[in-house]
Every structure is written in C-alpha cells, then in structure tokens.
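These numbers were taken from a predicted model, which means no experiment stands behind them. Here is how names work: the chains are called A, B, and so on, in the same order as the sequence lines, proteins then strands, and each is numbered from 1.
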Amino acid sequence: MIADFATSIGARMLTVARATGSYGLLFSSVIREFPKRPFYFKLTVEQIYHIGIKSIGIVFVTAFSTGMVMALQFGLGLEKFGGKLYVPKIVSLSIVREIAPVFCSLMLAARVGAGIASELGSMTVTQQIDAIRALGTSPIKRVVIPRILACLIAVPLLAAIGNFIGIAGALIVGVSELGLDPMFFVQKVLTTVVITDFVTGCLKTFFFAFFISVTSCYFGLNVKGGTQGVGNATRAAVVTSSIMILIGDFFLTKAFFLMFEK
Amino acid sequence: MTAPMTNNSEIVAEFKDFRKSFGSKEVHKGVSFQLKKGECLGLLGGSGQGKSVILRSLIGLEKPDSGQVLIEGQDIVPMNEEQLIEIRKKVAYVFQNGALFDSMSVYENLAYPLRAHTNMQEDEIRQRIRELLAEFGLSGNEQVSPAALSGGMQKRVGLARSIIMQPKIVLYDEPTAGLDPYNTIRIQEMILRLKAKGVSAIFVTHDMPSAFAVCDRIALLFEGRIQAVGTREQLEQQPDSKLTRFVRGLEV
C-alpha cells in the first residue's frame with residue numbers, strides 16, 4: 001500500500017516535471033520564433049478583436065458590479081463608525097490596485113483562456129496543427145504568437161477600462177445609496193489615486209495576460225484523447241491560469257511595492 | 001517475397017532499422033524499406049501496427065527512437081523544424097480527414113502553402129487554385145467553408161492543398177477511408193494522374209481494391225517489421241505468403 005502511494009506520488013511528480021519542461025520549451029520556442037519572419041499582423045489584429053473587443057461586455061459587468069458591491073459594503077460598514085466619507089478613497093484604491101486587474105484577468109482567464117485552449121485543442125485533435133507543420137509552416141508563429149501578442153495588448157487595456165467602470169459603479173452607489181455628493185466622490189478619487197497605482201495595476205495585467213495566453217496555448221497544443229481531451233485541456237487551462245494569476249498577484253504586489261513605494 | 005535490388009539513384013525515400021516505442025510498447029522493431037522514384041508503394045497492416053507513424057516520420061512529425069529516415073539520401077531524423085521546412089516542400093502529406101483549416105475558406109486553404117513558400121502574386125495564386133479545383137472536380141467551391149463540404153470533397157481539397165506545391169513524394173494516409181464508390185474512384189484517378197507525372201507515393205490503406213488500383217508494390221507492416229514486399233503478380237504467385245493471407249483477410 002505504501003509502495004502504491006509512493007508510486008502514485010512519483011508518477012504525479014514526473015507528470016508535473018514533464019509539463020513544466022514542455023511549458024518551458026513552448027516559451028523558449030515563442031521567444032526564438034518571435035523575431036523571425038513572417039509576421040502575421042492580420043491574425044494578431046483578428047485575435048485582438050476576439051480577445052479584446054468581444055470581452056468588453058464581461059469586463060464591464062465584472063468591474064461595474066464589483067465597484068457597486070464594494071461601495072455598498074464599505075459604505076454600510078463604515079457608516080456605523082461615521083466613516084462613510086472614506087468610501088471613495090478606499091474603494092477607488094482597492095479597485096485600481098487590486099480588484100479591477102485581478103477580477104478582470106480572472107474573468108478573461110475563463111473566457112479567453114477557455115476559448116484559446118478549446119480552439120487549439122480542436123485544431124490538435126483534427127490534425128490542423130500537424131497540417132500547419134506538414135505544410136512547412138510553424139504553429140508557434142501562426143497560432144501561438146498572435147494569441148499571446150493579442151492578450152498582451154488587450155488584457156491591460158481591458159483592465160484599464162475596468163478601473164474606470166468599477167469606479168463609476170462605486171460612484172453610482174455612493175451617490176444613490178450612501179447619499180454622497182458626486183463632486184466630492186470624484187474629487188476624493190482624483191486626490192487619492194496616483195499614477196503609480198494605475199500603472200502598477202496595469203503592469204500586473206501584462207503578466208496575467210502572459211499567464212493566460214501561454215498556459216492556454218500550452219494545454220491546447222498538448223491535448224490527448226480526442227474531444228474528451230479538449231474538455232480536460234480547457235478546464236486545466238482555466239484552472240491553471242487562474243491559480244497563476246492569484247499566486248502571481250501576491251508576488252507582483254510585493255515586487256511593485258518594493259519598487260515604487262520606497 | 002522481397003523487392004529486387006534497386007539502383008541508389010532511383011530511391012527517393014528509405015527507412016533503415018526504424019525503431020519506435022510508445023510508453024512500454026515497442027511498435028516498430030526495425031522497419032526497413034525503400035521507395036523508388038515514380039512508384040506508388042502500398043503500406044498495409046492491421047490497425048495499431050504504426051502505419052501512420054511511418055508516414056508522419058517521413059516529414060518529421062514524429063521522431064524514431066533509433067534508425068534513419070532518408071529523403072533523397074538525406075537523413076531527416078536529426079533535423080530541427082527549420083531544416084525540415086525544405087523537406088516538407090518536397091514531401092506532401094494527405095491527412096486522413098483532410099485536416100483543412102476550418103477558420104478558412106477552401107480558397108484560403110489552398111492559397112496557404114503558396115503564400116507561405118512562393119512569391120506568387122494574388123492573380124497567379126487565384127489562377128493556380130482555379131485550375132487545381134477544376135482538375136479535382138471542385139470548381140465553384142472557392143469561398144465555401146470546409147465544414148460545408150462532404151467528406152469526399154474535404155478529402156479532395158486536402159489532396160489538392162497537399163500537392164499544390166508540386167511535391168516529389170506524396171504520403172496518403174487512408175485517403176479513401178469512409179468514402180462512397182464515386183469519391184473513391186475520383187481519389188484513385190487523382191493519385192494515378194500524379195503518378196503519371198512521376199510523383200512517388202506511399203499509400204497507407206485498408207481498402208484493397210484501391211491499393212491494387214494505384215500501387216506498384218505492396219508492403220505488409222506486421223509485428224513491428226515489414227514482413228513482405230511485392231507486386232500484385234508476386235502476390236498472386238505466392239498464395240500462402242503473409243501478405244497474400246493478409247490481403248485475403250486470413251490470419252497472418
């Protein structure tokens with residue numbers, strides 16, 4: 001029984017080690033092939049449309065509802081201690097530094113990550129990825145790099161939009177539910193949130209975009225076992241990139257704190 | 001039953017002691033055979049014997065554990081993806097289900113290799129595609145999505161896309177599987193037309209009438225090795241050989 005347990009643990013560790021190695025190989029292929037011709041500008045623009053423009057709705061809903069809920073929770077909580085006036089400061093800082101970048105990225109990991117993993121997974125099981133190679137072209141250049149580039153461009157922009165939408169949601173609740181003056185709210189936001197807060201929040205999403213795109217491409221390209229494998233790869237891509245975002249957020253917050261708060 | 005000795009200049013592809021395992025299962029235990037210039041070699045074998053892996057290895061989509069895969073005398077096993085591009089321009093692969101890019105139209109699928117590897121102008125590409133589609137009986141389908149085509153038409157488009165770069169060798173992975181007699185005959189005609197132009201081919205199939213219709217020689221892959229190679233006449237002369245027994249559906 002102990003031997004079985006040890007074998008099972010060993011097999012799992014081997015699988016993780018193999019996956020980490022393959023992930024690293026994919027990343028190194030991307031770096032190696034990135035500067036080489038041809039450049040698929042049209043495909044990249046198409047991906048920016050699919051990943052960026054088509055995700056505005058989900059980012060709007062996520063940021064707006066989160067901003068509203070935060071304003072309500074902080075407002076009702078702080079009202080007991082006479083601290084209602086601090087709501088604009090607390091909510092805007094939370095949104096810009098953490099909530100908008102992380103929540104928007106998590107939603108995009110679900111929407112975009114699942115889309116990339118399932119699309120590439122389907123291409124793998126229907127031998128379209130093999131066909132790209134068999135026709136003397138590179139799936140890394142044609143399929144992977146446009147998606148990574150599109151994510152690196154679209155995700156920070158979406159998070160930046162999410163900041164404004166989140167604060168707008170908080171403003172509406174602040175005015176309608178907490179009775180705050182709208183000018184007071186806006187003035188407090190502008191005097192509290194500095195450019196560093198905004199930049200560090202957006203910089204984080206640059207890393208999150210990388211986690212989402214590379215992880216999703218990795219799982220999509222390594223699908224095994226037909227359509228069931230596509231489902232497994234999609235689930236693994238969303239879960240793994242979400243975990244990477246959550247864990248990465250701590251280290252990035254710490255790093256940016258050390259860099260900018262001195 | 002073995003093939004007669006061949007002049008080296010006539011050999012366009014060769015497998016030498018090809019060995020490959022999947023997990024703990026050794027599928028290929030030293031596969032060796034040669035493909036001559038302008039011939040069509042049928043590769044038969046039961047399911048799971050590794051026929052497709054042989055084809056995939058000929059364009060570097062798979063690497064053996066040991067052994068050599070020679071294309072025009074050049075071992076492609078140690079080549080990286082960049083070096084394999086030149087090989088893949090010479091050797092075309094016809095996938096079992098066409099493997100057409102479903103995000104592109106038929107026209108875009110056919111234009112894909114031309115845009116990637118030639119400096120042809122769009123007018124020339126259009127002309128080339130129009131001619132090829134007419135030759136394959138697919139005129140008028142340029143803007144159709146692959147998903148809207150029948151299985152037989154998808155295979156024909158797949159074949160057209162594979163040969164648009166005018167390769168020297170074509171690898172057919174069960175091109176007639178699941179097709180009705182009409183489409184099967186169309187595919188056979190296209191393969192024979194290419195053969196008449198001097199294109200060499202390896203034809204993996206379970207479809208015996210098609211194999212006999214298009215192949216010059218037939219090889220049997222069984223238990224990880226090429227057990228027999230011969231012409232149809234040689235098969236008929238040796239009714240109790242492994243290859244003949246396989247073709248007749250008897251136990252090998």
Side-chain angles (χ1 to χ4, degrees), chain A residues 7 11 14-15 18 25-26 28-47 49-50 115-116 118-147 150 220-221 223-227 230, chain B residues 22-23 52-53 55-62 79-104 108-119 146-147 154-155 157-165 167 169-174:
Chain A
T7 308
L14 205 61
T15 307
R18 275 203 196 110
L25 283 175
L26 174 66
S28 70
S29 301
V30 168
I31 299 293
R32 201 174 51 245
E33 296 203 24
F34 184 76
K36 292 182 190 167
R37 286 178 178 277
F39 302 113
Y40 294 102
F41 288 115
K42 197 179 158 204
L43 287 179
T44 307
V45 172
E46 273 175 25
Q47 287 303 319
Y49 172 75
H50 287 297
I116 292 175
S118 60
E119 189 184 3
L120 267 59
S122 302
M123 288 179 79
T124 302
V125 298
T126 55
Q127 294 187 299
Q128 291 178 56
I129 297 293
D130 282 340
I132 292 175
R133 292 173 67 201
L135 291 166
T137 50
S138 160
I140 300 290
K141 283 242 56 151
R142 188 171 171 88
V143 179
V144 175
I145 290 175
R147 282 164 178 77
L221 291 174
V223 163
K224 284 186 178 65
T227 46
V230 176
Chain B
F22 291 93
S52 295
V53 175
L55 289 194
R56 291 168 62 82
S57 303
L58 273 160
I59 49 166
L61 292 179
E62 299 272 357
M79 289 184 179
N80 60 29
E81 285 289 308
E82 217 160 300
Q83 293 166 318
L84 283 166
I85 289 174
E86 287 310 311
I87 298 297
R88 289 167 182 168
K89 286 183 195 171
K90 287 190 266 188
V91 184
Y93 193 112
V94 181
F95 289 90
Q96 195 172 342
N97 297 312
L100 298 173
F101 304 130
D102 48 20
S103 59
M104 299 180 192
E108 293 295 321
N109 265 281
L110 293 177
Y112 181 83
L114 296 176
R115 287 181 183 147
H117 299 301
T118 71
N119 294 319
Q154 284 185 17
K155 288 197 179 195
V157 175
L159 177 52
R161 186 183 63 182
S162 304
I163 62 149
I164 204 163
M165 290 293 291
I169 304 168
V170 182
L171 310 171
Y172 301 100
D173 192 357
E174 301 196 36

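- Counting heavy atoms from C-beta outward, B:Tyr112 and A:Thr137 have side chains that approach closer than 4.5 Å.
- Using a 4.5 Å cut-off between heavy atoms, B:Arg56 touches chain A through its side chain atoms alone.
- Residues passing the salt bridge (charged side-chain N to carboxylate O under 4.0 Å, His left out) test with B:Lys89, sequence neighbours excluded: B:Glu86.
- Interface residue B:Phe101: backbone and side-chain heavy atoms are both found under 4.5 Å from chain A.
- Contacts of B:Leu171 with chain A are absent, with no heavy-atom separation under 4.5 Å from either backbone or side chain.
- Within a 6.0 Å radius of CD in B:Glu82, other residues, nucleotides and ligands contribute 12 heavy atoms or fewer.
- Contacts from residues 32-40 of chain A to chain B, taken as heavy-atom pairs separated by less than 4.5 Å, involve A:Lys36 in sequence order.
- In this structure, CZ on B:Arg161 lies 5.0 Å from CG on A:Leu135, to the nearest 0.5 angstrom.
- Open room surrounds OH on A:Tyr49; 12 or fewer heavy atoms of other groups in view lie less than 6.0 Å from it.
- Contact annotation: the side chain of B:Leu84 never approaches that of A:Arg133 to less than 4.5 Å [non-hydrogen atoms, C-beta and beyond].
- The nearest pair of heavy atoms linking A:Ala131 to B:Ala99 is CB-O, 3.7 Å.
- Per-residue heavy-atom pair counts under 4.5 Å with chain A were compared for B:Leu100, B:Asn97, B:Ile87, and the maximum is reached by B:Leu100.
- Across all non-hydrogen atoms, the minimal contact from A:Asp130 to B:Leu61 is O-CD2, 4.0 Å.
- B:Arg88 is linked by a salt bridge (charged side-chain N to carboxylate O under 4.0 Å, His left out) to B:Glu81, counting only residues two or more places apart in sequence or in another chain.
- The interface of residues 118-129 of chain A with chain B, defined by heavy-atom distances below 4.5 Å, comprises A:Thr126, A:Gln127, A:Gln128.
- No more than 12 heavy-atom neighbours from other residues, nucleotides or ligands sit within 6.0 angstrom of CG on B:Asn119.
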